[in-house]
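For the single chain, residues carry numbers from 1 onward in sequence order. All of these numbers come straight from a predicted model, not from anything done at the bench.
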Amino acid sequence: MSSSLAAHQSTLLQMTQATPTCLWNDSADLDELAYSIGHGAVGATCNPVIALSILKQKLPLWRSRIEALIQEMATATEDQIGWKVVEEMSIQGAALLKPIFDAQGGRNGRLSIQTDPRFYRNSQAIVNRPSISVGWRPT
């Protein structure tokens, strides 16, 4: 890589190109993830803490969807609606990673969703969660 080109690239992008490091973004926030992908990220994570952080910053974008979920899932608990929001944020983030997934044959381009830690003693409950999927799941 020429020194003038390297001078215009971020340290993260240089790292991902010059080393075997796979950069994952610790957020499914679409703006943050797009920025990270532009700097070499090939994956992301999401969990309830990340989702809450996104909601605090972008509640106007999510308010109507949460209200719709409350109507659609009339018998759901707040916990179930919260996990559905985590799932939907994750699916949106995963869509940004799909071109990487395709280009790299599924080796990268994934988004990892945290499982519900309350099920730590019940592996079957973790596996049976509808929001858990293996591999790429189109939106």
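Contact record, Ile50 with Ala28: CG2-N, 3.8 Å, taken as the closest heavy-atom pair. Summarising the geometry of Val86 relative to Pro48, their closest heavy-atom pair is CG2-CA, 4.0 Å, with the distance given to 0.1 Å.
Side chains of Ile113 and Asn47 form no contact here, defined as non-hydrogen atoms less than 4.5 Å apart. You'll find the side chain of Leu97 reaches within 4.5 Å of the side chain of Ile100, heavy atoms only. Between Asp31 and Lys58 the shortest side-chain heavy-atom distance falls below 4.5 Å. Side-chain contact between Ser27 and Leu33 is absent, with no heavy atoms from C-beta onward closer than 4.5 Å. Contact annotation: the side chain of Leu96 approaches that of Leu30 to within less than 4.5 Å [non-hydrogen atoms, C-beta and beyond]. Residues Thr45 and Trp24 have side chains in contact (heavy-atom distance under 4.5 Å, counting atoms from C-beta outward). Counting heavy atoms from C-beta outward, Glu72 and Arg65 have side chains that approach closer than 4.5 Å. The shortest distance between side-chain heavy atoms of Ile54 and Trp62 falls below 4.5 Å.
The cluster map of Ile, Leu, Val, Met, Phe, Trp and Tyr, joined by side-chain heavy atoms under 4.5 Å apart, puts Leu23 and Phe101 in different clusters. Placement of Ile70 and Leu61 within a single hydrophobic cluster is found when ILVMFWY residues are connected by side-chain heavy-atom separations under 4.5 Å, directly or transitively. Tracing side-chain contacts under 4.5 Å through hydrophobic residues (I, L, V, M, F, W, Y), one reaches Val85 starting from Met73; they form part of the same cluster.
Annotation: the span from Trp83 atom CH2 to Glu88 atom CD amounts to 14.0 Å, rounded to 0.5 Å. To the nearest 0.5 Å, atoms CD (Gln92) and CG (Leu111) are separated by 11.0 Å. Rounded to the nearest 0.5 Å, atoms CG (Leu13) and OG (Ser36) are 11.5 Å apart. Note: Glu87 CD to Leu69 CG = 9.5 Å, rounded to the nearest 0.5 Å.
Under the side chain to side chain contact (heavy atoms under 4.5 Å, CB included) rule, Val42 has a single partner from Arg107, Gln104, Arg110, which is Gln104.
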Determine, step by step, whether Thr77 and Gln80 satisfy the side chain to side chain contact (heavy atoms under 4.5 Å, CB included) criterion, reporting the C-alpha distance in whole Å, the side-chain angles of both residues, the deciding distance to 0.1 Å, and the verdict. CA-CA 5 Å; Thr77 64; Gln80 290 168 320; 3.3 Å; yes
Between Leu55 and Met89, does the side chain to side chain contact (heavy atoms under 4.5 Å, CB included) criterion hold? Intermediate values first, please. CA-CA 10 Å; Leu55 285 176; Met89 285 181 178; 3.6 Å; yes
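Under the 3.5 Å distance criterion, the side-chain polar atoms of Gln17 are left unmatched by any main-chain donor or acceptor of Gln14. Of the possible polar contacts, one joining the Thr19 side chain to the Met15 backbone as a donor-acceptor pair under 3.5 Å is found.
A ring pair (Phe, Tyr, Trp, His ring centres under 6.0 Å) check over residues 31-56, counting only residues at least two apart or in different chains, returns the pairs Tyr35-His39.
Using a 4.0 Å cut-off between charged side-chain N and carboxylate O, Asp79 and Arg118 make a salt bridge.
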